[in-house]
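A note on names: the letters A, B, ... follow the listed sequences, proteins ahead of strands, and every chain is numbered from 1.
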Number of protein chains: 2
Amino acid sequence: MSPCAACKLLRRRCAKGCVFAPYFPPDEPQKFANVHKIFGASNVNKMLKDLPVHQRGDAVSSMVYEANARVRDPVYGCVGAISSLQQQVIHLQSQLTVANAKILSMQMHQAKVRSSQTKSLRSPSSSGKLPNFP
Amino acid sequence: MSPCAACKLLRRRCAKGCVFAPYFPPDEPQKFANVHKIFGASNVNKMLKDLPVHQRGDAVSSMVYEANARVRDPVYGCVGAISSLQQQVIHLQSQLTVANAKILSMQMHQAKVRSSQTKSLRSPSSSGKLPNFP
């Protein structure tokens, strides 16, 4: 058996029950390299051991995502993505508010037009009868 | 001079020019404690030293944000916030598409009504002249 990517990088024996092995296969060495560079192997080991087994896969995925983002952008990491998404949410909310206000204004205008048309149809001048002249 | 929060936690002398001191004041011990717990002091030290001084403040802020998020949510960390913001963006984009389609449909309806009103005003039956019978 080939040692997992973590044990290979850390140059240690990949023992049975290794906490990294299920998530860091030997054919994806970069996956562990970035996580190790950003969080440190001993912190990742500790974080995984503190979690129940069924949550470890998700924890590894989110740590790999964070580590890759930090390697790409050492100043903002994935907080840059959060900031950009927050701006996008604010922009979309404002566009939606404008669009909804426009819909409301158009609906009110349509209601006003319909109401004046109904009144005009019911008024004596358009009922087909001649108005009473004095 | 009191040692910075990092040197205090690491039990070392806070030398002049300490890379942590400008960002981890002694009165905010938790700020460094979380960063140390998640990234490890030596990784943070390395990451800061690899950056120009004017970018280190932002790098510390984003690392503190990430570390606090990971302490609160050890499975998803701040990737949970990214996922939730992405969902919010998708939902808002879909609401905006619906609203814009509604506006377009109402504008087309209004244009149709106006066009038929104009035609009806211009047609012989409403021009005041009698139609020509054969």
Side-chain angles (χ1 to χ4, degrees), chain A residues 36-44 46-48 50-52 54-67 69-70 73-103 105-107 109-110 113-114 117, chain B residues 36-44 46-48 50-52 54-67 69-70 73-103 105-107 109-110 113-114 117:
Chain A
H36 175 49
K37 187 181 175 187
I38 302 303
F39 296 103
S42 86
N43 275 356
V44 178
K46 205 183 166 309
M47 285 193 261
L48 290 181
D50 285 348
L51 288 173
H54 73 277
Q55 290 190 310
R56 291 182 190 174
D58 282 351
V60 166
S61 298
S62 69
M63 276 190 272
V64 168
Y65 183 94
E66 272 189 61
R70 178 68 60 182
D73 179 354
V75 180
Y76 297 102
C78 73
V79 181
I82 292 180
S83 174
S84 145
L85 282 163
Q86 280 172 337
Q87 289 300 315
Q88 215 180 328
V89 164
I90 290 168
H91 182 63
L92 284 166
Q93 278 171 335
S94 123
Q95 281 185 302
L96 191 61
T97 303
V98 170
N100 283 336
K102 193 164 181 174
I103 290 170
S105 148
M106 287 171 91
Q107 281 171 335
H109 175 75
Q110 277 185 357
V113 168
R114 267 193 217 109
Q117 279 172 344
Chain B
H36 176 48
K37 187 180 174 187
I38 302 303
F39 296 101
S42 87
N43 275 356
V44 178
K46 205 183 165 312
M47 285 194 259
L48 290 181
D50 285 348
L51 289 173
H54 72 277
Q55 290 190 310
R56 291 181 190 174
D58 282 351
V60 166
S61 299
S62 69
M63 277 189 274
V64 168
Y65 184 94
E66 272 188 60
R70 179 69 57 183
D73 180 354
V75 181
Y76 297 102
C78 74
V79 181
I82 292 179
S83 174
S84 145
L85 281 163
Q86 280 172 338
Q87 289 300 316
Q88 216 180 325
V89 164
I90 290 168
H91 182 64
L92 284 166
Q93 278 170 335
S94 123
Q95 281 185 302
L96 192 60
T97 304
V98 169
N100 283 335
K102 193 164 184 175
I103 290 171
S105 147
M106 287 170 90
Q107 281 172 337
H109 175 74
Q110 277 185 358
V113 167
R114 266 193 217 110
Q117 279 172 346

*Check the pair I38(B) / N43(A) against side chain to side chain contact (heavy atoms under 4.5 Å, CB included), numbers first and verdict last.*
CA-CA 6 Å; I38(B) 302 303; N43(A) 275 356; 5.6 Å; no
*Would you sort out whether M106(A) and Q107(B) count as a side chain to side chain contact (heavy atoms under 4.5 Å, CB included), showing the intermediate values?*
CA-CA 8 Å; M106(A) 287 171 91; Q107(B) 281 172 337; 3.4 Å; yes
*Might you work through the side chain to side chain contact (heavy atoms under 4.5 Å, CB included) test for I103(A) and I103(B), ending with a clear yes or no?*
CA-CA 6 Å; I103(A) 290 170; I103(B) 290 171; 3.6 Å; yes
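Only the side chain of L51(B) comes within contact range of chain A, with heavy atoms under 4.5 Å apart. Looking at D58(A), the atoms closer than 4.5 Å to chain B (heavy atoms on both sides) sit in the backbone and in the side chain alike. The contact between R70(A) and chain B is made entirely by side chain atoms (from C-beta outward), counting heavy-atom distances below 4.5 Å. For K37(A), the part lying near chain B is the backbone, with the side chain staying farther off; criterion is any non-hydrogen pair under 4.5 Å. Using a 4.5 Å cut-off between heavy atoms, H91(A) makes no contact with chain B at all. Residue contact with chain A, scored on non-hydrogen atoms closer than 4.5 Å, involves the side chain of Y65(B) exclusively.
Shown here for C78(B) and C78(A), the closest heavy-atom pair between the two residues is SG-SG, 3.0 Å. The minimum heavy-atom distance linking V79(B) with S62(A) is given by the pair CG2-O, 3.5 Å. Considering every non-hydrogen atom in both A99(B) and L96(A), the closest pair reads CB-CD1, 4.3 Å.
Here V98(B) pairs with nothing under the side-chain contact (heavy atoms from CB on, under 4.5 Å) rule; sequence neighbours left out. Residues that satisfy the ring-ring contact (aromatic ring centres under 6.0 Å, His included) test with F39(A), not counting sequence neighbours, are F39(B).
Distance check, rounded to the nearest 0.5 Å: CD of Q95(B) to CG of N100(A) gives 7.5 Å.
Annotation: maximal heavy-atom pairing with chain A below 4.5 Å, among Q110(B), E66(B), M63(B), R56(B), occurs at E66(B).
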